[in-house]
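Below is one structure, written out as structure tokens; comments come after it.
Please read all numbers here as calculations on a predicted model, not as lab measurements.
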Amino acid sequence: MGCYQTFFFKLSFSLVLLIVGVGLGGVPSAGLSASFYDKNCPNALSTIKSAVDSAVYKEARMGASLLRLHFHDCFVNGCDASLLLDDTATFKGEKTSAANANSLRGFEVIDNIKAELESLCPNMVSCADILAVAARDSIVALGGPTYTVALGRRDSTAANLTATEDLPSPFANVTKLIAAFSKKGFTVKEMVALSGAHTIGQARCAVFRGRLYNDTHINASFAAAVRAKCPRNRGSGNNILSQLDVTSPTTFDNAYFRNVVSQKGLLHSDQQLYSGGFTKTAVDAYANNAASFMEDFAEAMNKMGSLSPLTGSSGQIRTNCRKVN
């Protein structure tokens with residue numbers, strides 16, 4: 001069998017495994033427990049929820065921003081809050097990577113939560129756990145499903161700028177999306193469910209300009225409306241924002257999937273879920289059944305929150321999420 005045939009066979013076999021729901025890893029890690037803070041910081045969860053509810057009430061977009069922080073943290077070396085570390089003269093963090101620079105936000109909300117928890121329960125609640133709970137509470141605040149968050153993560157003492165390349169690209173085709181999520185142990189169905197997080201939030205013109213002017217699988221009226229805000233010329237209007245979900249941008253629902261079916265996905269990667277072939281059936285299912293999407297999304301989020309956490313004596317509990325102790 002030739003090299004190309006061998007590669008194609010292996011890729012096709014992997015896709016079959018993923019589509020039928022057989023993961024290639026991603027088994028939830030031991031050492032996490034929903035009751036982890038029940039005795040040593042019983043008000044931890046209510047403190048996080050109160051702060052998140054307040055932040056989302058002031059600005060609905062913040063819910064999407066906090067959810068995205070958790071995702072971008074977990075996809076790089078696991079859920080260890082490495083994303084939150086600031087650069088120093090001798091240390092390069094993950095915030096300045098191509099996937100994160102001029103994109104991530106909500107760090108101040110996490111800072112405020114951490115400060116309050118340090119006052120209540122010094123050196124007890126990790127920044128990684130704050131990210132995981134804040135993501136769940138943000139989803140709920142915008143009308144999405146609740147789920148139990150396993151706790152007990154510890155914080156890293158290092159970051160990995162290079163590994164941010166593992167983050168799925170908004171310019172990726174469906175094959176690359178499947179590969180990116182498969183690398184973290186997710187099935188195709190879980191990948192589609194997690195993509196439904198784009199039912200909230202916004203994106204910059206620089207990220208979706210190519211889709212507006214080059215893609216063929218795009219609704220004409222939708223394209224015209226968004227082009228009015230995002231000019232063709234590169235460098236012009238790069239930071240102009242548009243809603244990822246044009247139907248109900250501040251409500252966590254399944255409208256994202258209905259938009260994609262109608263060729264109104266904002267990002268190239270969004271529309272690839274329907275136009276790329278492998279994932280069309282899953283998108284149709286979620287577009288037609290909100291309850292199924294909510295259930296599968298919650299399960300996939302729990303799985304993501306269990307990606308390679310530091311537990312036991314590994315890592316530390318940072319007193320300031322932006323720097324190591």
Side-chain angles (χ1 to χ4, degrees), residues 29 31-32 36-37 40-41 43-52 54-56 58-59 62-138 149-167 304-325:
S29 299
L32 300 182
F36 189 83
Y37 296 114
N40 54 27
C41 193
N43 293 323
L45 297 187
S46 61
T47 299
I48 298 172
K49 177 175 170 52
S50 177
V52 169
S54 176
V56 174
K58 292 176 182 176
E59 182 198 15
M62 186 55 69
S65 298
L66 294 174
L67 170 56
R68 194 158 180 256
L69 286 179
H70 181 47
F71 178 84
H72 279 230
D73 179 47
C74 291
F75 251 64
V76 179
N77 287 4
C79 307
D80 60 2
S82 60
L83 175 67
L84 302 179
L85 291 171
D86 284 340
D87 291 354
T88 69
T90 57
F91 174 84
K92 195 71 171 177
E94 298 165 14
K95 292 179 179 179
T96 57
S97 72
N100 294 333
N102 301 314
S103 175
L104 294 181
R105 58 198 297 275
F107 297 109
E108 294 78 9
V109 175
I110 301 301
D111 290 340
N112 291 338
I113 292 172
K114 179 60 176 175
E116 189 169 356
L117 288 173
E118 281 299 303
S119 176
L120 289 173
C121 318
N123 198 35
M124 195 63 66
V125 182
S126 70
C127 302
D129 275 348
I130 293 173
L131 285 175
V133 176
R136 188 271 312 276
D137 291 346
S138 294
V149 177
L151 303 164
R153 300 167 190 79
R154 289 170 65 84
D155 302 323
S156 70
T157 56
N160 191 333
L161 181 65
T162 303
T164 59
E165 295 174 2
D166 285 351
L167 289 163
M304 186 179 75
S306 296
L307 290 178
S308 305
L310 299 173
T311 58
S313 59
S314 299
Q316 62 181 212
I317 305 297
R318 288 185 219 139
T319 56
N320 180 335
C321 292
R322 293 176 179 264
K323 59 184 182 180
V324 298
N325 295 342

Quick one: list whatever passes side-chain contact (heavy atoms from CB on, under 4.5 Å) with [X], sequence neighbours left out.
X	value
E165	T162
A99	S97, L167
N43	S46, T47
S54	K58

Under the side-chain hydrogen bond (donor to acceptor under 3.5 Å, both in side chains) rule, collect the residues that match up with [X], sequence neighbours excluded.
X	result
Q316	none
R318	S156
S103	R68

Practice task
Any salt bridge (charged side-chain N to carboxylate O under 4.0 Å, His left out) involving residues 90-104? Give me the pairs, sequence neighbours left out, ordered by first then second residue.
Solution key: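 Every salt bridge (charged side-chain N to carboxylate O under 4.0 Å, His left out) pair that includes a residue of residues 90-104, provided the two are not neighbours, is D86-K95, D87-K92.
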
Exercise for the section: Could you list all the salt bridge (charged side-chain N to carboxylate O under 4.0 Å, His left out) pairs where at least one residue sits in residues 118-130, not counting sequence neighbours? Expected result: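 Only K114-E118, D129-R153 qualify under salt bridge (charged side-chain N to carboxylate O under 4.0 Å, His left out).
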
Practice task
Could you tell me which residues satisfy salt bridge (charged side-chain N to carboxylate O under 4.0 Å, His left out) with D111, sequence neighbours excluded, listed by chain and number?
Solution key: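 Salt bridge (charged side-chain N to carboxylate O under 4.0 Å, His left out) check on D111 returns R322.
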
Counting C-beta onward and ignoring hydrogens, is there a side-chain heavy-atom pair between [X] and [Y] closer than 4.5 Å?
X	Y	result
D73	S82	yes
I48	D137	yes
L84	L131	yes
R105	M62	yes
L66	I110	yes
P309	L32	yes

Problem - Residue pairs fulfilling ring pair (Phe, Tyr, Trp, His ring centres under 6.0 Å) with at least one residue in residues 74-105, sequence neighbours excluded - result: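 Every ring pair (Phe, Tyr, Trp, His ring centres under 6.0 Å) pair that includes a residue of residues 74-105, provided the two are not neighbours, is F71-F75, F75-F181.
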
Exercise for the section: Kindly determine whether L310 and D155 satisfy side-chain contact (heavy atoms from CB on, under 4.5 Å), including the steps that lead there. Expected result: CA-CA 7 Å; L310 299 173; D155 302 323; over 6 Å; no

Exercise for the section: Provide the full list of disulfide (SG to SG under 2.5 Å) pairs with a residue in residues 87-126, sequence neighbours left out, each pair given once. Expected result: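 Residue pairs passing disulfide (SG to SG under 2.5 Å), neighbours aside: C41-C121.
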
